[in-house]
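Throughout, residue positions are numbered sequentially from 1 according to the sequence presented. A quick note: this is a predicted structure, and the numbers were derived from the prediction, not measured.
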Amino acid sequence: NVESYGKLFRQIVMIVTPIIIAAFVYNITTTVDMKIFYNVLNSKNVDRVESANLYGIFSGQYMVLINLPVSIASAVGTTLIPNISGAFTKGDKAETNHVYNQSMSITMMVTIPCAVGIGVLSEPIITLLFRGADPLVFKALTAGCISVVFYSLSTLTNSILQGIGKVMEPVKNATLALLIHLVFLAAILKFTDAKLFGLVAATILYSLLACIFNHISVSKYMSTKLDVKKIYLAPAVASIFMGIVAWGSYQIFYHLIHMNSVSVVLAILLAVIFYAAAILAVGGYTKEEILAMPKGTLILKLAEKLHLVRE
């Protein structure tokens, strides 16, 4: 019994340790970025107060909003691990591919419109959450909102790789992405006057690289075929039109009532309703696929009333 417990403990350590290391690499990025940002700007004789204000905008406002939708991908990934692990272990390629596509579809269905919404409503959202915010953060969010999608994909593919037992792959991928990211950050801060936007550009690059490296690893170990239309195209097309509706409705509501908080809430509600109808129309989803979505039962009732369910 002692020997079996010891063996079990070693297996747990071997599985958990790489996951902890991968989380450490992701979390240390902010700390290292801060050190590089202050050191490079200090070497260029930029005022320390200005440097502190700019980094405060990045870490306390920009990253806070970027990370909110990413937490959804993390939740999807956590629930995914047992399903994809079981299917992969049994060698059930069809079920593995089904779970993979379903998880990717749900994640993109939520994070792509979130990215677009943050981009087009950056100013009213920041004004609502952070009174007296520097206008620079509006531009930073509009420029960097795409990283929501990249971070979400890398977070999800981390969970997929862990679920199929390739726990060291996310560690290697995150480390390589981090090294490239740090070199790029130091260079863009040193040789340009980007400052805050240098941080934003480096963050986009890091999330994109982590996403690409993880996708390569998933393709290496899993024979999967992605439904590009449902995973990427349908949410992207629906989100573009949703973004137009969100921006336009906000402008109309604010012009009528001159209250930012109420205008933002009404614009978001209208955008959510429009997006739900648009993605159902574009995606051509079946009843089973709709029920697998967050709030699937409610969405199915709406889809049936609008005759948007594919048989």
Side-chain angles (χ1 to χ4, degrees), residues 23-71 73 111-112 114-155 173-213 243 247 250 260 264:
F24 172 76
V25 172
Y26 273 96
N27 291 325
I28 201 176
T29 305
T30 305
T31 303
V32 180
D33 281 356
M34 181 178 67
K35 292 290 184 182
I36 291 176
F37 184 77
Y38 283 129
N39 288 340
V40 174
L41 264 61
N42 184 51
S43 70
K44 296 173 72 174
N45 298 316
V46 175
D47 184 70
R48 287 183 175 274
V49 174
E50 181 186 355
S51 299
N53 286 338
L54 289 173
Y55 195 80
I57 290 172
F58 174 75
S59 62
Q61 296 176 14
Y62 173 83
M63 286 306 298
V64 167
L65 280 184
I66 292 295
N67 284 330
L68 280 175
V70 178
S71 62
T111 55
I112 291 177
C114 283
V116 172
I118 288 172
V120 299
L121 295 178
S122 58
E123 182 173 350
I125 290 174
I126 286 292
T127 302
L128 175 64
L129 298 177
F130 306 100
R131 292 186 180 278
D134 192 307
L136 274 175
V137 74
F138 309 153
K139 297 177 182 178
L141 276 170
T142 301
C145 61
I146 188 64
S147 60
V148 168
V149 177
F150 298 147
Y151 269 124
S152 298
L153 280 172
S154 62
T155 300
N173 295 338
T175 302
L176 179 58
L178 176 61
L179 292 174
I180 297 172
H181 156 85
L182 295 178
V183 171
F184 175 81
L185 177 61
I188 196 172
L189 292 176
K190 182 69 175 178
F191 300 111
T192 73
D193 195 35
K195 297 178 183 175
L196 172 62
F197 293 96
L199 282 169
V200 172
T203 301
I204 294 173
L205 177 65
Y206 173 69
S207 58
L208 174 61
L209 289 174
C211 173
I212 292 172
F213 295 156
W247 184 84
Y250 172 80
N260 180 65
V264 170

Heavy atoms of Val148 and Ser152 approach each other most closely as O-OG, 2.7 Å
Any side chain to side chain donor-acceptor pair (under 3.5 Å) involving residues 116-136? Give me the pairs, sequence neighbours left out, ordered by first then second residue. Ser122-Thr142
Can you see which heavy atom on Glu50 is nearest to which on Lys195, and at what distance? OE2-NZ, 2.9 Å
Under the side-chain contact (heavy atoms from CB on, under 4.5 Å) rule, collect the residues that match up with Ala177, sequence neighbours excluded. Tyr206, Leu209, Ala210, Phe213
Sub-4.5 Å side-chain heavy-atom contact between Leu178 and Ile28: yes
Applying side-chain contact (heavy atoms from CB on, under 4.5 Å), run through Leu65 and Leu129 and close with a yes or a no. CA-CA 10 Å; Leu65 280 184; Leu129 298 177; 3.7 Å; yes
Nearest 0.5 angstrom please: Leu153 CG to Leu208 CG, how far? 10.0 Å
Atom pair NZ (Lys190) and CG (Leu41), whose distance is rounded to the nearest 0.5 Å: 10.0 Å
Residues Asn42 and Arg48: closest non-hydrogen pair is OD1-NH2, 3.7 Å
Salt bridge (charged side-chain N to carboxylate O under 4.0 Å, His left out) with Asp47: which residues, sequence neighbours excluded? none
Are the side chains of Val46 and Leu54 in contact, using a 4.5 Å heavy-atom criterion? no
For Val120 against Trp247, the heavy-atom pair lying closest together: O-CD1, 3.7 Å
Might you work through the side-chain contact (heavy atoms from CB on, under 4.5 Å) test for Thr111 and Val70, ending with a clear yes or no? CA-CA 7 Å; Thr111 55; Val70 178; over 6 Å; no
What residues, two or more places apart in sequence or in another chain, satisfy ring-ring contact (aromatic ring centres under 6.0 Å, His included) together with Phe58? Tyr55, Tyr62
Less than 4.5 Å apart, any side-chain heavy atom of Leu141 and any of Ile66? yes
For residues 29-37, dump all side-chain donor-acceptor pairs below 3.5 Å to protein atoms at least two apart in sequence or in another chain.
from: Thr29; atom 1: OG1; to: Val25; atom 2: O; distance (Å): 3.0
from: Thr29; atom 1: OG1; to: Tyr26; atom 2: O; distance (Å): 3.1
from: Asp33; atom 1: OD1; to: His181; atom 2: NE2; distance (Å): 2.7
from: Asp33; atom 1: OD2; to: His181; atom 2: NE2; distance (Å): 3.2

Could you give the distance from OH (Tyr250) to CD1 (Ile125), rounded to the nearest 0.5 Å? 10.0 Å
Heavy atoms of Cys145 and Ile118 approach each other most closely as CB-CG2, 4.3 Å
Might you point out which heavy atoms bring Val116 and Gly243 nearest each other, and give the distance in Å? CG1-CA, 3.7 Å
Can you tell me how far CG of Leu196 sits from NZ of Lys139, rounded to the nearest 0.5 angstrom? 10.5 Å
If you round to the nearest 0.5 Å, how far is CG of Leu121 from CG of Leu128? 11.0 Å
Apply side-chain contact (heavy atoms from CB on, under 4.5 Å) to Phe184 and list each qualifying residue two or more places apart in sequence or on a separate chain. Ile188, Ala201, Ala202, Leu205
Just wondering, do Phe197 and Leu136 contact through their side chains at under 4.5 Å, heavy atoms? yes
